[in-house]
Structure formats: structure tokens, C-alpha cells
Amino acid sequence: MRPSVRTLQMAPATLYYVALFLIPLLMLAVYSFYSVESFEPVPKLTLDNYVEAATSDVFRGFYLRTLRVALTVALIVTLISFPFAFVLNYVLPARKHVVYFMVLVSLFGGYIVRVYAWRNIMGREGVVNQTLLGLGVVDRPVTLFLNSELAVIVALVNYLIPFGILPIYAAMQNVPVGQVEAAQDLGGSRWLAARRVVLPLTSQGCVAAFAISFIATSAEWVTPQLLGGTGDQLIGNQIQHQFGGGLNWPLGAALALTMVVLVVALLGLAYAVIRRWLR
Amino acid sequence: MRNPMATRSTRALARAYLIAVLAFLFAPLVVVVLFSFHSVPRMSLPFEGFSLRWYDEVLHDPVVIDAMMRSATAAVLTGLLSGILGLSIALALVGARQRVRAATMVAALIPLTFPSLLYAIGLAICYHYFDVGYSLKATIGGHVIIALPFVFIVLSASLDRFRFSLLEAAFDLGASPWLAFRKITLPLILPAVIGATVLAMALSTDEFVVAFFTAGQEKTLPLLLYARINQGLDPSLNAIGTILLVATTGLAWLSAVRTAKES
């Protein structure tokens, strides 16, 4: 095939990417330096938005909480996903295609539907409370579940587990079966084989599982809004607020990009730590 | 497969673990589906009896029907557009050098690493700046970007299995590039293209964040569900949720089956 034909074939997708991916992200970056005059973004370039994002006590609280929740969720997701993938691939391989398929399909099991379901399950008038009341176990609805950080974490872990399982499981498909068996033939226990052979060889998958969960949580706003209390809102809620009622798009853009910088820095750090630990 | 790794008790423990995690994964979905068939407006056990009243209510609600139509439109157009763009990249990469393919792969996967909130607000700024306005079309524009990396993953997996010798044989036998494309390349990658297109439809149907910031008044089904959650819990929401679930998981299942069949 001549290169000119290839260029022609690449052109539509490339143009589409530039127009609807690169330019929007570029605009986001540019807007983060804009000023606001009477609720309208104006092209007067300033660093004020970043200064506010970095120095405001309010935002610092949101950033710290977001990073803490993201770290918790990513750790739990990875810790649940690795044994799941391991069991599926090594201990119970007979059913692995069916179960893998279920996990894959549940990945598409409705983002907003899940949040709604948890609200339903944990809310004042939710399934848990209504059932407890109906059975006479409690005489007033328990308000402990909904509007708490716990609810946010449970819902996010629930939503992200498939994203954790899939990369680890995929990485396990590339581990030579012989190496695992060799470790056992040499007298290693199952756990030793898992720790010394499978874990290092699937570390990329584990890192992917951790990173995906961490990034997804760091920009989350629907889950905390619908399941968290006022004290459990994340930086994503602040960003969304600036684009909604807050009407300060440049500040919202700066808040979002500051979050990206924080996430990239922390993931880099986490990656270094995990690699050390796995060695 | 020989499985020396498990004694009977570990196998029982392992099975219990798998079932527990799967139960946790599907619990919220089961609750929604179950109570969408509940005959009384109460979301609690014990279950009083089955009824289709919530579906009857929802399917006679013009606002819900409008949202369903918009979601369906977005899914079909996202599928077609990302399928065509993905196919054209895939064709460009048939026979390309490994380095070119790897570089394209990396470039195509970059959007996956961006949280959708970031992309959504960037897109919203962009539409505002260029006076495009917010509409279903605007949302579809973003959904294609969200779907393209997945389309590309499916298509490049198919390309990895592509037998170039068949193409060479066709050329040796005097086939024109067009004939070779129609008789060899297209039939070989078509299942993957269809699988990828259906996957893009599932992603679009489920997508919330980009739609939230770009759809304006033209609310899709997930946006309608969100708006109604904010108005208060109502048993008919279970029916909306179930319809949405059946659409997304059905499409995902279809796509996985198609892709599995091909490999």
C-alpha cells in the first residue's frame, strides 16, 4: 500500500482526535489562566486561579480528602482483585471463561444505575432500613449508612472492581504456566508461588488496576454527591460546582488541572514504592 | 488442565471467595431489577408480588420515551462514527510496520488515561467558546472520543491475528487492491468491526459525565435517571434503571460474544 493511501486512511480519525480531544484539553488549559469579570470568563491571563487552588484552606481540605479516599478505594480494589484473578486463573480454572465474561459484562452494568441502587439500598427509605423496620429490628430508620464516606467508598469499590480484575487477569494470561509449576515442583507452597512468581510477573496489571481506580476516584463527583454527606464531598464536586452554580469556569479548570498534577505525582511515587516492594 | 495447586478445602475457600465478590458486584443491580417488578410502591423485603405497573407507568411517560430515543440515537451514531473512524485506522495499519502500529496504539489509548470529568469540562468549554451550543449532537461528538480507544483495542487485537500471507497471495494472483480488500481484508476483520461498534454503543448508552456537561436540555436516559434521583426516590426509577441496565449489559454481552466468536 502506498503511503499516500495510508495517510488518507489515517486522516479522518486523526482530524477527529485533534478537533474533539486535543483542542478541548488545550482550551481547558488556556481557560485555567483566564479571569472572570461579572460571571464571564475573559481572556485576561492570570495565575490567580492556581494560586487560589494551591493556597485556599477550603480546597486543600478537598484535595486531601480526595487523595485519601482515592488511595483507600484503589488499595481495596487492588486487594480484592488480585486474589480474585488469581483464584480464577490458577485455583478454579474450569469456570474461568464464564466468570471472566460475567466480570466483563458487569463493567458495563450502569454507572448511574449503581449509584442509584446504593442510595436505594442504604438510604433512609432504602431496602436495608425498610426491611429492618419491617422486621422490627429497629424502630427508627438507621441514618448511619447513607451520606457517609463509607457509602462513597463502598459504591466506588463496587463500581471499580471489574476495572481492577481485568488488567490483573489479562497480565496473568502472559505468565508462563511452567514457571508457576516449577516453583511448586521445587517445593514452594501455593502462596510462595503466588508471591514470588505470579505477583512480580503481573505487577504491571496490579499497577494498572491501582492507577485506574485511583484516577477514576480522583475525578469522581456523582457518587459523593448522591451518597456522601456534606463533609464527604470530593474535589470533583468543587470542580463541577464551578461549572454549574459557581459560574467560575477558569477556577474550575485550574482546580481540575491541579488535581491532575497531584494524581500524576502521587501515582509516580506509588509506582516506585510498589516496584520496590515487589522486588 | 492439571491443577496441582489446590486441595479440596482451598478449592472450597476459593469458590466461596469468587461467589462473595460476584455477589457484591451484582447485588446493587439485582436490587434494582427485583424492585422494578414489585407490585407495591415500597422498596423493602418481604417481596409482595410481581407486577409490571412501573414499566407501564414509565413507558407511558413521554419524558422517559424522549430520553430513551435520544440514548438510542446517541448509541447508534456513536457506534457508526467510531466504527468508521476505527476501521479506517485499522485499514491504514494493515501491513504497517510494527513501530508505526505501536505508536498509533499509544496515541489512541491516551484518552483512556484521562478522567472523564476533565475531558467533559474541556469539551464543554470548547463548545461554548466556538458557539456550538449544548445538544445531543455535542454529546455524541464526545462519546465517539470515549469509545474510540475501545474500538481501537478490539480492532488491533483482530489485526494481530491478520494473516498477511492471504493478502500477498491475492496480489500474486493479480487481484486489484480493491478486490483484495473486498474479498479478504473486509471479511476477515468484519466481525471485529461489528463487535467494536456494538461495544461503542454500550459505552455511549452508559456514559454520564460527558453527557451531563454537553447535552444541555436534550437529556439522555442516564441524565434523566440522575435528575429524577435528585427529585426523590420513586419506585418507577427502578424500571428506568432496569431498562438502562438491559440495554448496556445486553450490548456489552453481544459485543463480547461477537469478538469471542472471531478469535
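We name chains A, B, ... by the order of the sequence lines, and we start the count at 1 in each one.
- For chain B, no part of Pro41(A) is nearby; none of its heavy atoms comes within less than 4.5 Å.
- Looking at Phe208(B), the atoms closer than 4.5 Å to chain A (heavy atoms on both sides) all sit in the side chain, from C-beta outward.
- Between chain A and the options Leu244(B), Val21(B), Ile121(B), the largest number of non-hydrogen pairs under 4.5 Å is found for Ile121(B).
- Residue Leu118(B) touches chain A through both its backbone and its side chain, counting heavy-atom pairs closer than 4.5 Å.
- Of the atoms belonging to Leu237(B), heavy atoms from both backbone and side chain fall under 4.5 Å from chain A.
- Of all heavy-atom pairs spanning Leu79(A) and Tyr17(B), the tightest one is O-OH, 4.1 Å.
- With a 4.5 Å cut-off on non-hydrogen atoms, Ser82(B) does not touch chain A at all.
- The line from SG of Cys126(B) to CG of Leu20(A) is 7.0 Å long, rounded to the nearest 0.5 Å.
- Interface remark: Phe171(B) contributes no atoms to any contact with chain A (heavy atom separation under 4.5 Å).
- One N or O on the side chain of Thr248(B) and one on the backbone of Phe108(A) form a donor-acceptor pair closer than 3.5 Å.
- Counting heavy-atom pairs closer than 4.5 Å to chain A, the top-ranked of the candidates Leu25(B), Leu87(B), Leu13(B) is Leu25(B).
- Here Leu29(B) is the residue among Ile84(B), Leu29(B), Ile89(B) with the most heavy-atom pairs under 4.5 Å with chain A.
- Both the backbone and the side chain of Leu123(B) come within less than 4.5 Å of a heavy atom of chain A.
- Neither the backbone nor the side chain of Val100(B) comes within contact range of chain A, judged by heavy atoms closer than 4.5 Å.
- A ring-centre distance under 6.0 Å is found for Trp221(A) and Phe212(B).
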